[in-house]
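Quick notes on the structure that follows.
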Amino acid sequence: MKRLMAVVWESWLPILLVVLWLVLSARSASFYFPPLASILERLGEEWFFDGIVENLVPSLLRILVGFGLALVVGIVVGVVLGLLPRFEEAIRPLLEFLRSTPGVALLPIATLFLGIGDGMKVFMIALASMWPILLNTIDGVRSVEPVLLRVASSYRLSLKHRIRYIYVPHSAPQIFAGARLSLAIAAVVMVVTEMIGSPGGIGYFILDSQRTFNILNMWSGIVMLGVLGYLLNFGFRLVEAHILDWHIKKNS
Amino acid sequence: MTTTPTPTVGKATGPNDALLVVENLGKSFGGHEVLGGINVTVRAGEFMCIVGPSGAGKTTLLQCLSGLTAPTTGAVTLRGERVTEPPAEMAIVFQDYSRSLMPWLSVLDNVALPLRSAKIGKAERTEKAMAALTEVGLKDHVHKYPWQLSGGMQQRVAIARALAYAPSIVLMDEPFASVDAQTRADLEDLTLNVKRHLGITILLVTHDIDEAVYLADRVLVMGKKPTVVVDLVETHLGPHRDQIATKATREFAELRSRVYKQIRRDDLTNSAGSIAAVG
Ligand SMILES: Nc1ncnc2c1ncn2[C@@H]1O[C@H](COP(=O)(O)OP(=O)(O)OP(=O)(O)O)[C@@H](O)[C@H]1O
Ligand SMILES: [Mg+2]
C-alpha cells in the first residue's frame with residue numbers, strides 16, 4: 001500500500017502532462033507539432049524493433065562505455081589526487097581550467113584527431129562527464145574522519161585496504177552525487193556527438209529526420225531519447241540504492 | 001605449546017617481566033611542552049590505569065606509546081625493540097568509539113578488517129572475528145551496522161576488534177566515558193574478564209578515579225605542567241573484583257583517597273604557581 005502510494009505520488013504529474021499533450025494536440029494541423037497519437041503510432045512502427053537495434057542500442061552502448069570510463073578514470077585519478085594533496089594543489093589551476101571549459105568545445109579538435117566514429121563519441125562523453133566524479137572523489141577522500149585513519153594505522157591496514165574499505169566507501173555518497181550530474185552531461189554529449197557523427201544513434205536519427213522534413217520520425221526519436229534517459233536514471237538509482245544501502249538507512 | 005585460539009603472548013615473558021618501557025618521554029607541540037619526561041615500565045600481563053586531569057596529555061601519551069605519533073624526546077621500547085610505528089602485537093581502543101568504527105561495514109566486517117590486511121584467510125578471519133564478538137557478548141548482532149547498536153554495544157564492537165587482532169597489549173583511551181553508569185560497570189567487568197581469560201596486558205586511560213582503582217593492578221597518576229608521573233600506586237586488590245564488594249573494602253577507600261589526593265595536590269600546586277606568576 002505504501003509502495004503503491006509512492007508510485008502514484010511520483011507519477012501523477014508526468015501522466016497528467018502526457019494526457020494534456022495527447023488532448024491538446026489531438027486536432028493539431030500544424031506540420032511541426034503533429035498529434036501525439038500520430039507520434040506514438042510512428043514510434044511503434046519505426047522503433048519496434050528495427051529502430052531499437054539500429055539506433056537505440058548503439059546510443060546506449062556509447063553512453064554506457066563513455067560514462068563507465070568517466071567513472072573509472074574519475075574515481076582512480078580522484079583517489080590518487082585526494083591522497084596527494086601537495087600534488088593536487090600544484091595542478092589545481094589546470095584542473096579548474098579543464099573543468100570549466102565546456103566539454104563540447106573540444107569537439108572540433110576531437111573530430112580532427114579521432115574522426116567521427118565511435119572512438120570520438122565515447123572519448124567525448126567520457127571526457128566531458130568525468131569532472132563532477134573526479135572533483136567529488138577528491139573532496140570525499142580529503143574528508144575522511146581522522147580517527148578512522150588512526151584506526152587504519154594502528155591496525156596496520158595496507159594501502160589497498162585503506163582505499164577499498166575506508167577512502168572509497170567514505171566518498172561513495174559524494175561520488176554518487178557527482179555521478180548523477182555526470183550522467184546528465186554524458187547524455188547531452190552523446191546526442192551532440194551523434195548529431196555531427198555518422199549514422200546509427202538516436203541523435204543522428206533525430207537530426208536526419210528533421211533535415212528530411214520527416215517530422216513524425218523526429219518527434220518519435222525525441223520521445224525515445226526521453227525513454228532512454230528515464231531508463232538510465234532508473235538503472236542508476238537501483239545501483240545507488242544497492243551500494244549506498246548503509247548510507248540511505250543511516251540517514252533515514 | 002598448544003594451538004588454542006586464545007590470543008596470548010607468544011614469546012617468553014613471565015608475569016613480572018617488562019613489556020613496554022617508556023624512558024624520559026617528552027612531547028611538545030610547536031614549543032608548547034605537553035609531556036615533560038615520562039618514565040614508566042609496563043609489566044607483561046598487568047592492568048595499568050592512567051589517570052590525570054583533562055588536557056594532561058593522556059591521549060598524547062597513548063599515541064606516542066603506540067607509535068602513531070613520534071615523541072619529541074625519549075623513547076618507547078616494546079620487548080626491547082624501539083617503537084616507531086604501530087606494532088603488530090598492539091591494539092588500540094579509541095576514545096571516540098562511534099567514529100572509530102566504519103559505518104559502511106557490518107559489525108563482523110569491522111572486526112575482521114584488520115585480519116584481512118594481516119593476510120589471514122577468509123574462513124579463519126570469520127572464525128576469529130566471531131570468537132571475539134562472542135567474547136564480548138555480541139554474537140547475535142554481527143550482521144548489523146555499528147550505528148544500529150547502542151553506545152555500549154558499539155564500544156564492545158571496538159573491543160572485539162582489538163581482541164580479534166590477537167594483541168599481547170591493548171591500549172584503551174577513556175573507553176567507557178560516554179556510556180551510562182550501568183553499561184559502564186558491565187563493560188568494566190567485561191574488560192576484567194577478558195583480560196583474565198586471554199592473559200593480555202592492558203593500559204587504560206580514564207578520568208574516573210574509582211574506575212582506575214577498580215580495574216588496575218597499578219594506577220599511574222599524571223600531573224604537573226608539563227606532565228610527569230606524580231605517583232604509581234600498586235592496588236593489591238587481587239584478580240577477582242566485584243562492583244559492590246570490592247568498592248566497599250577499606251583498601252579500596254584508602255587507594256582512591258590516595259590517588260585523589262595526588263591529583264588534588266597537583267591541582268593546588270598548579271594554581272599556586274599561576275597565582276605566583278600573576279603576582
Ligand atoms: N596535534 C596537536 N597539536 C597541538 N596540540 C595538541 C595536539 N594534540 C594535543 N595537543 C595539546 O596537548 C594537550 C594534551 O592533549 P591530550 O588530548 O593528550 O589530553 P588528554 O589528557 O587526553 O585530555 P582529555 O582527558 O580531555 O582527553 C592539550 O593541551 C592539547 O591542546
Ligand atoms: Mg584524551
Side-chain angles (χ1 to χ4, degrees), chain A residues 71 75-76 78-79 82-83 133 136-180 236-252, chain B residues 59-60 62-70 83-107 109-120 125 143-149 157-158 161-167 169-173:
Chain A
L71 265 178
I75 293 174
V76 169
V79 167
L83 291 177
I133 298 174
N136 279 23
T137 307
I138 294 177
D139 275 353
V141 167
R142 289 283 167 74
S143 61
V144 168
E145 177 64 59
V147 177
L148 281 188
L149 296 181
R150 258 176 267 138
V151 169
S153 308
S154 66
Y155 286 101
R156 301 163 69 100
L157 294 195
S158 62
L159 180 62
K160 188 178 110 191
H161 288 159
R162 279 176 214 217
I163 291 173
R164 169 70 185 80
Y165 295 104
I166 297 180
Y167 288 112
V168 171
H170 168 82
S171 314
Q174 252 170 297
I175 295 176
F176 269 98
R180 187 176 285 271
F236 184 89
R237 274 163 61 171
L238 280 186
V239 174
E240 185 179 38
H242 179 70
I243 294 183
L244 290 188
D245 174 60
W246 65 274
H247 191 249
I248 295 162
K249 281 192 196 146
K250 187 165 186 255
N251 293 314
S252 67
Chain B
T59 298
T60 306
L62 285 198
Q63 300 228 338
C64 290
L65 298 188
S66 61
L68 284 173
T69 308
V83 174
T84 51
E85 54 164 18
E89 60 174 297
M90 182 187 280
I92 305 179
V93 175
F94 288 85
Q95 187 162 1
D96 230 324
Y97 59 83
S98 62
R99 284 192 281 162
S100 86
L101 298 169
M102 284 112 204
W104 44 83
L105 294 182
S106 70
V107 165
D109 289 341
N110 261 289
V111 173
L113 181 58
L115 308 179
R116 199 185 273 270
S117 278
K119 302 215 169 63
I120 294 174
R125 244 175 15 231
H143 296 300
K144 292 190 179 144
Y145 289 113
W147 41 266
Q148 292 174 319
L149 306 178
V157 177
R161 175 169 63 188
L163 298 179
Y165 195 59
I169 178 166
V170 180
L171 310 187
M172 304 173 100
D173 193 355

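Order of the sequence lines sets the chain letters (A, B, ...), proteins ahead of strands, with each chain counted from 1. Since the model is a prediction, treat every value here as computed from it, not as a measurement. Values below: all heavy atoms of this structure, side chains included; hydrogens, waters and symmetry mates excluded.
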| said: Tell me the closest heavy-atom pair linking A:K249 and B:W147, and the distance in Å. | reply: CB-CH2, 3.7 Å
| field | Contact origin within B:Q95 toward chain A - heavy atom pairs under 4.5 Å | value | neither
| request: For A:S158 and B:S117, work out which heavy atoms get closest and say how close. | output: N-OG, 3.0 Å
| Residue among B:P114, B:G67, B:A158, B:A118 with most heavy-atom pairs under 4.5 Å to chain A | B:P114
| Between A:I166 and chain B, which part of the residue has a heavy atom less than 4.5 Å away: side chain, backbone, both or neither? | both
| query | What is the minimum heavy-atom distance between A:R156 and B:A88, and which atoms define it? | reply | NH1-N, 3.4 Å
| query | What's the spacing between A:S154 OG and B:R161 CZ if we round to 0.5 Å? | reply | 7.5 Å
| field | Donor-acceptor pair, side chain of A:Y155 and main chain of B:I92, under 3.5 angstrom | value | yes
| chain A interface, residue from B:L113, B:D109, B:L105, B:L101 that has the most non-hydrogen pairs under 4.5 Å | B:L113
| query | B:S100, B:S106, B:A162: which one forms the most heavy-atom pairs within less than 4.5 Å of chain A? | reply | B:S100
| message | Within the 4.5 Å heavy-atom criterion, are A:R150 and B:F94 side-chain neighbours or not? | response | yes
| Within 6.0 Å of CZ in A:R142, more than 12 heavy atoms from elsewhere | yes
| request: For residues A:P169 and B:M102, determine if any side-chain heavy atom of one lies less than 4.5 Å from a side-chain heavy atom of the other. | output: no
| For the residue pair B:P86 and A:S153, what are the closest heavy atoms and their distance? | CG-O, 3.4 Å
| request: Output the distance between atom CD (A:E145) and atom OG (B:S98), rounded to the nearest 0.5 Å. | output: 8.5 Å
| note | So, the part of B:S66 with a heavy atom under 4.5 Å from chain A: the answer is neither
| query | Quick one: NE2 on A:H247 to CH2 on B:W104, what's the gap to the nearest 0.5 Å? | reply | 10.0 Å
